[in-house]
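Working notes, beginning with the structure itself.
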Amino acid sequence: MRENELIKLLGEMSLSEKIGELNQIPGEYYKETLNTTGENATLDFPQELVNAVGSAINVSDPDLIIKIQKEHIKNHPHHIPMLFMLDIIHGLDTTFPIPLAQACSFDPELVKELSAAAAKEACATGIHVTFSPMVDLSRDARWGRVMESSGEDTYLNSVMAKAAVEGYQGDGLENEGTISSCVKHFAAYGAVEAGREYAGVDISERFLREYYLPSYKAACDAKSGMIMTSFNTIGGVPSTANKHLLKDILRDEWGYDGVTITDYGSLTNMQSHGISDKDDVLSEYAINATVDIEMCIGRYYKGLPKLIKDKKITEKQIDDAVFRILKLKNRLGLFENPYRFADAQKAKQICRGKEMMDIAYNAVSQTSVLLKNDDNLLPLNKNEKTAFIGPFLESKDLLGGWPGNLKYRSEDKSVREVLEKNLPDGSLLMTVGCEMLGAEEPMLIKRKLPCETDEKARKDKINKAVEIAKAADKVVLLLGEHPRAGGEITSKVDIKIPIIQQELFNAVKEVNDNIIVVLFNHRPLDITHISKYAKSILDVWFPGSMGAKGIVDMLFGINAPTGRLTMSFPYSVGQEPIYYGLLPTDHSTDVSDTFVTGYIDCPLKPLYCFGEGLTYTDFMYDKILLNSKTLAKGEKMVASISITNVGKRDGYETVQLYFRDVFASVSRPTKQLRRFKKVFIKSGETVKVQFELTVDDFMFYNVDLNYVYEPGEIRVFIGHDSNTEDYETFQLV
Ligand code: GLC
């Protein structure tokens with residue numbers, strides 16, 4: 001439809017139709033079984049609202065979507081089609097590695113490929129919008145939602161945000177295989193106090209703009225069709241109706257003209273925040289902040305008519321919101337074809353087809369992080385006697401939080417099944433060693449999950465594990481967080497692996513020194529004890545539907561892990577939030593002095609740092625070369641370095657460029673990532689890697705919140721990870 005036709009349509013709509021457009025209905029309403037989050041969705045939506053409602057969430061069956069849409073446009077006074085939205089966080093029917101793992105690939109092309117694959121499954125299923133990517137800067141491992149993010153670095157987050165939006169939306173939403181992204185959670189949800197779910201955020205406007213907002217802006221600049229507000233307050237102001245955030249910055253400063261949607265029931269969070277319990281008062285905050293769609297609890301439906309009647313808002317404000325929604329529907333081609341590309345037969349072919357499973361398989365090694373590999377214990381040799389022990393040996397749930405369709409979990413393979421298929425009989429020593437959780441596990445206070453309750457069985461399992469560990473040359477321990485211990489409402493104060501698994505680890509380490517830990521996790525964990533005794537640690541996160549085969553093929557060297565950490569692993573949870581590039585803040589300029597920042601009982605740095613990760617070969621870095629000693633506006637600086645693969649295997653190295661602005665009018669981080677490149681280097685070969693920089697790369701918000709760059713010394717670091725101390729300097733002029 002042309003824009004003037006949209007304007008004409010808007011002009012013909014009644015007020016109740018318009019208000020319907022701003023409301024959303026939960027899938028349960030259509031008797032669809034789903035895993036809705038947020039406020040109970042069995043709302044008694046009146047038929048008038050159902051006839052006029054603009055969208056629905058959590059309907060994921062193509063035939064049902066077609067049926068609902070058909071009914072809807074028949075009953076709607078202007079036959080305006082609905083939008084169908086769903087949380088497709090890391091895959092729909094095919095589950096890919098969790099987003100935090102995807103970020104560890106340091107490969108935006110991979111993130112784009114995985115998002116495009118998810119979009120292809122979703123599009124055939126009839127979904128129009130996914131509530132993804134989540135781009136909240138995440139620096140506190142106590143917060144369970146870090147698994148949905150790209151981690152602790154602003155620049156990497158922004159690169160991955162753009163890649164995900166481009167993946168979902170392709171070359172245009174009129175095309176088959178695409179869906180609209182909905183970037184979230186705007187804003188700064190990842191900075192909740194103490195990592196506590198739904199807690200308040202208190203950061204300065206300067207930090208908000210410098211570190212937290214760029215990733216949302218990258219998604220908006222990539223034309224994300226939608227953006228979702230967040231549950232948290234910032235300085236006591238609820239983000240979900242924060243006029244400064246949503247109107248002044250998002251709309252007026254950034255010029256974002258896409259659709260804004262609340263989080264599920266987040267207007268009710270405003271009631272919890274103590275703002276109001278009145279539908280019209282909450283709706284007034286939200287519509288004045290230019291929030292377009294209220295997710296699933298009907299407060300707009302109940303609140304807006306009164307505001308119009310009391311002349312507290314104008315119908316134009318409603319019209320502006322409705323028009324943004326109509327434009328998104330138009331971008332999706334829904335006025336020409338309300339069913340878009342929903343096709344049950346096609347969905348059956350595409351979803352979990354070979355193409356998708358191959359993509360899922362290839363992602364596993366690119367997102368896994370080899371944290372240590374002493375004595376080159378990995379890769380394994382099939383002639384060695386290797387024991388495989390741990391609760392993740394037989395688990396078929398390697399999907400993690402916000403999984404795709406759990407109904408397919410039983411079809412996925414376990415590590416045990418893959419091992420038995422790939423390796424000669426009898427050579428395999430295998431046992432689970434323990435259940436995922438023991439009855440004493442603190443998280444069971446809030447989560448009803450299966451756990452070990454039989455003390456004798458507990459002992460017998462460990463004893464059996466010890467027996468086979470004794471007989472083995474090497475032991476692979478498959479340990480980690482419970483698959484449901486990540487995502488929303490999974491904040492934890494203890495980020496070690498479950499107690500029962502610690503017992504198993506300690507029993508095995510007594511009888512075998514050659515321990516390899518394969519770690520399943522949603523977040524950085526406190527693995528200090530494990531790291532002391534395990535010679536190798538391979539972090540696979542939650543690797544998705546093809547995780548088992550991906551893991552086994554990495555263990556036996558068919559593929560090499562090439563991921564790098566995008567979140568720091570602490571020595572202790574007491575260090576959280578912890579991230580690289582802390583602001584310099586010693587009390588003495590002599591860092592060997594005692595008056596320096598940090599703790600008396602723990603190192604300042606993390607156990608494993610941002611950018612860290614090994615592979616099955618080694619690389620040597622030559623000197624950093626800068627093509628000039630100065631850089632002025634309009635000029636380009638070229639920083640380059642030669643890297644040699646000094647190992648026996650070809651492999652990938654992720655080269656990282658950081659900078660430090662040594663002196664500025666505000667305190668600047670000791671390091672900031674500004675470029676990275678994942679390069680393939682053959683064994684024995686040398687590759688020259690080049691990065692181009694301009695003054696734009698060194699701009700920041702000064703004390704007056706002006707976005708500036710200041711002349712002075714810049715240090716350019718290029719290295720293997722954020723711990724690198726190799727740098728060259730130039731003068732910004
Ligand atoms: C949840 C989450 C959000 C999700 C939404 C819809 O509460 O905060 O990330 O997209 O509801 O399920």
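Counting convention: from 1, in listed order, for ligands and their atoms alike. Residue numbers run from 1 in the order of the sequence given. What you are looking at is a predicted structure, and each value in this text was computed from that prediction instead of being measured.
Interface of Phe231 with ligand 1, defined as ligand atoms under 4.0 Å from a residue heavy atom, comprises 7 (O), 8 (O). Distances below 4.0 Å separate heavy atoms of Asp87 from the following atoms of ligand 1: 4 (C), 6 (C), 10 (O), 12 (O). Less than 4.0 angstrom separates some heavy atom of Tyr264 from each of these atoms of ligand 1: 7 (O), 11 (O). Counting the atoms of ligand 1 from 1 in the order shown, those under 4.0 Å from a heavy atom of His185 are 3 (C), 8 (O), 9 (O).
With Lys18 as the partner, the side chain to side chain contact (heavy atoms under 4.5 Å, CB included) test is satisfied by one option alone out of Ile325, Leu304, Val322: Val322.
With His522 contributing its side chain and Pro483 its backbone, the two residues share a donor-acceptor pair below 3.5 Å. The closest donor-acceptor contact from the side chain of His72 to the backbone of Val53 lies under 3.5 Å. Within the 3.5 Å criterion, the main-chain N or O of Phe84 finds a donor-acceptor partner in the side chain of His128.
For the ligand labelled ligand 1, residue Met134 lies outside the 4.0 Å heavy-atom shell.
Listed by chain and residue number, nothing satisfies the ring pair (Phe, Tyr, Trp, His ring centres under 6.0 Å) test with Tyr339 (two or more places apart in sequence, or in another chain). Applying the ring pair (Phe, Tyr, Trp, His ring centres under 6.0 Å) criterion to Phe106, with sequence neighbours excluded, gives Phe610, Phe676.
Contact check on Asp412 versus Lys396 returns no salt bridge, with no Lys/Arg side-chain nitrogen under 4.0 Å from an Asp/Glu carboxylate oxygen.
At under 3.5 Å, not a single nitrogen or oxygen of Glu148, backbone or side chain, sits near a nitrogen or oxygen of ligand 1. Remark: ligand 1 and Lys184 share an N or O pair separated by less than 3.5 Å (distance only, no angle test). Polar contact check, Tyr189 against ligand 1: no nitrogen or oxygen pair lies under 3.5 Å apart.
Here atom 2 (C) of ligand 1 lies nearest to Glu488 when heavy atoms of Met228, Gln24, Glu488, Met295 are compared.
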